[in-house]
Structures are given as C-alpha cells and as structure tokens.
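Read through the structure below, which is laid out as structure tokens, and then see the notes.
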Amino acid sequence: MDKSLFIAMFLMAGTLALIIAFVVYQIHKMQWLKQHGRRIVAMVTSIRHETGKTSAGFTRDNYYVTATWTNPRTGRTYTFWTWIMNRVPVYEKGSLVSVLIDPSNPDRFAMDL
C-alpha cells in the first residue's frame, strides 16, 4: 500500500471518529439535561438572520436566536443562543423561551425552539 494512501485513509478515519464523538457527546449532553436539568424561562433579546450557501451551492437561511435570563438568587445574567437552519423562528424579540440548564453550571444549556 502506498504511504500517501495510508496517510489519507488514516486522516479520513480520524476525522470521521471526531465527528462521531462530537455527535455522541451532544446526544449525551441532551439526555443528561433532560434528566437532571432545570427548566427556566428566558427572554429573546435578538434574532439575527444570515443567508449563506451550502457546499452544493444552494441558498440557506440561518437564524441565530439569543435570549437572556437573570438568576434570581445570584443576580447574575446568563446569555443563551442557538441557531436554526432553513426555518424562520416562531419567536420574536421580547418573547419568552424555555431553556434547560445545568443547575450547577448554567453555561451548559439547551434552548427549546
């Protein structure tokens, strides 16, 4: 087997393994938050729209939704964000949105959009 072919196959396998590990981590994170997370209500502070292109050249709309919540016990404000692809969000600025947070670390979250 040619050395360059072996290196290319090794790099492809490594990239695929990293992608799979990332997806498994995200699934695990969501399952943990569903079981142990705390549901809070945050206010949508902005919705940003960007138009881009896919690798195949098709137009794609991306929406970035940002919301904030202030912890009533500590007074600290947290900012949550997520992006939505190819779908206009049903929320507007000032709307309330449900967010699952890790009670011990609110920087770990999942917005329910």
Side-chain angles (χ1 to χ4, degrees):
M1 183 184 281
D2 185 19
K3 186 177 183 178
S4 61
L5 180 62
F6 176 75
I7 291 172
M9 288 177 55
F10 180 75
L11 289 174
M12 285 178 49
T15 302
L16 184 60
L18 285 173
I19 292 169
I20 290 170
F22 178 75
V23 170
V24 168
Y25 169 75
Q26 292 299 320
I27 291 170
H28 174 72
K29 177 181 161 185
M30 283 303 300
Q31 288 176 341
W32 188 93
L33 281 173
K34 286 179 181 178
Q35 292 176 358
H36 305 286
R38 176 177 162 212
R39 189 167 301 279
I40 55 105
V41 177
M43 181 179 291
V44 175
T45 55
S46 72
I47 299 173
R48 192 175 82 228
H49 173 242
E50 292 180 2
T51 302
K53 292 202 177 235
T54 65
S55 58
F58 297 107
T59 301
R60 175 177 70 195
D61 292 319
N62 295 320
Y63 295 89
Y64 300 88
V65 179
T66 305
T68 59
W69 169 73
T70 302
N71 186 328
R73 285 186 282 163
T74 64
R76 181 171 174 201
T77 299
Y78 294 89
T79 301
F80 310 107
W81 68 274
T82 191
W83 61 278
I84 303 171
M85 211 168 46
N86 293 330
R87 178 173 57 90
V88 177
V90 296
Y91 300 98
E92 297 176 351
K93 187 175 178 180
S95 298
L96 299 178
V97 63
S98 178
V99 181
L100 270 174
I101 63 169
D102 178 343
S104 62
N105 181 10
D107 290 323
R108 287 186 50 188
F109 64 89
M111 289 179 70
D112 293 335
L113 296 180

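- Ile20 is linked by a side chain to side chain contact (heavy atoms under 4.5 Å, CB included) to Leu16, Val24, counting only residues two or more places apart in sequence or in another chain.
- Under the 4.5 Å side-chain criterion, counting only non-hydrogen atoms from C-beta, Ile101 is in contact with Trp69.
- Under a cut-off of 6.0 angstrom, the local environment of CD in Glu92 is sparse, with at most 12 non-hydrogen atoms contributed by other residues, nucleotides or ligands.
- Side-chain contact of Thr79 with Thr68: a donor-acceptor pair under 3.5 Å is absent, judged by distance alone.
- Applying the side chain to side chain contact (heavy atoms under 4.5 Å, CB included) test to Asp61 and every residue at least two apart in sequence or in another chain returns His49, Thr51, Tyr63.
- Nearest heavy-atom pair, Pro106 versus Pro103, reported as atom, atom and distance to 0.1 Å: CD-O, 4.4 Å.
- A donor-acceptor pair under 3.5 Å is absent between the side-chain atoms of Thr82 and the main chain of Val65, judged by distance alone.
- Both Val88 and Tyr91 are assigned to one and the same hydrophobic cluster, defined by single-linkage of ILVMFWY side chains at heavy-atom distances under 4.5 Å.
- Relative ring orientation between Tyr64 and Trp81 is described as tilted, the plane-to-plane angle lying within the 30° to 60° band.
- Hydrophobic clustering of Ile, Leu, Val, Met, Phe, Trp and Tyr side chains at less than 4.5 Å, counting indirect connections, unites Val97 with Val90.
- Using a 4.5 Å heavy-atom threshold, the side chains of Asp102 and Trp32 count as touching.
- One finds the CD atom of Gln31 at 10.5 Å from the NE2 atom of His36 (value rounded to the nearest 0.5 Å).
- There is no path of hydrophobic side-chain contacts, each under 4.5 Å, that joins Met9 to Leu11.
- Among all heavy-atom pairs drawn from Arg73 and Asn71, the shortest one is N-OD1, 2.9 Å.
- Rounding to the nearest 0.5 angstrom, the gap separating the CG atom in Leu100 from the CZ atom in Arg38 is 11.0 Å.
- Hydrophobic cluster membership is shared by Tyr78 and Met111, with clusters built from Ile, Leu, Val, Met, Phe, Trp and Tyr side chains linked at under 4.5 angstrom.
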Practice problem: List the steps, then state whether side-chain contact (heavy atoms from CB on, under 4.5 Å) holds for Ile40 with Phe109. | Solution: CA-CA 10 Å; Ile40 55 105; Phe109 64 89; over 6 Å; no

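- Residue Leu18 is not grouped with residue Phe10 when hydrophobic side chains (ILVMFWY) are merged at heavy-atom distances under 4.5 angstrom, including chains of intermediate members.
- Atoms CG and NE2, on Leu33 and His28 in that order, are 9.5 Å from each other to the nearest 0.5 Å.
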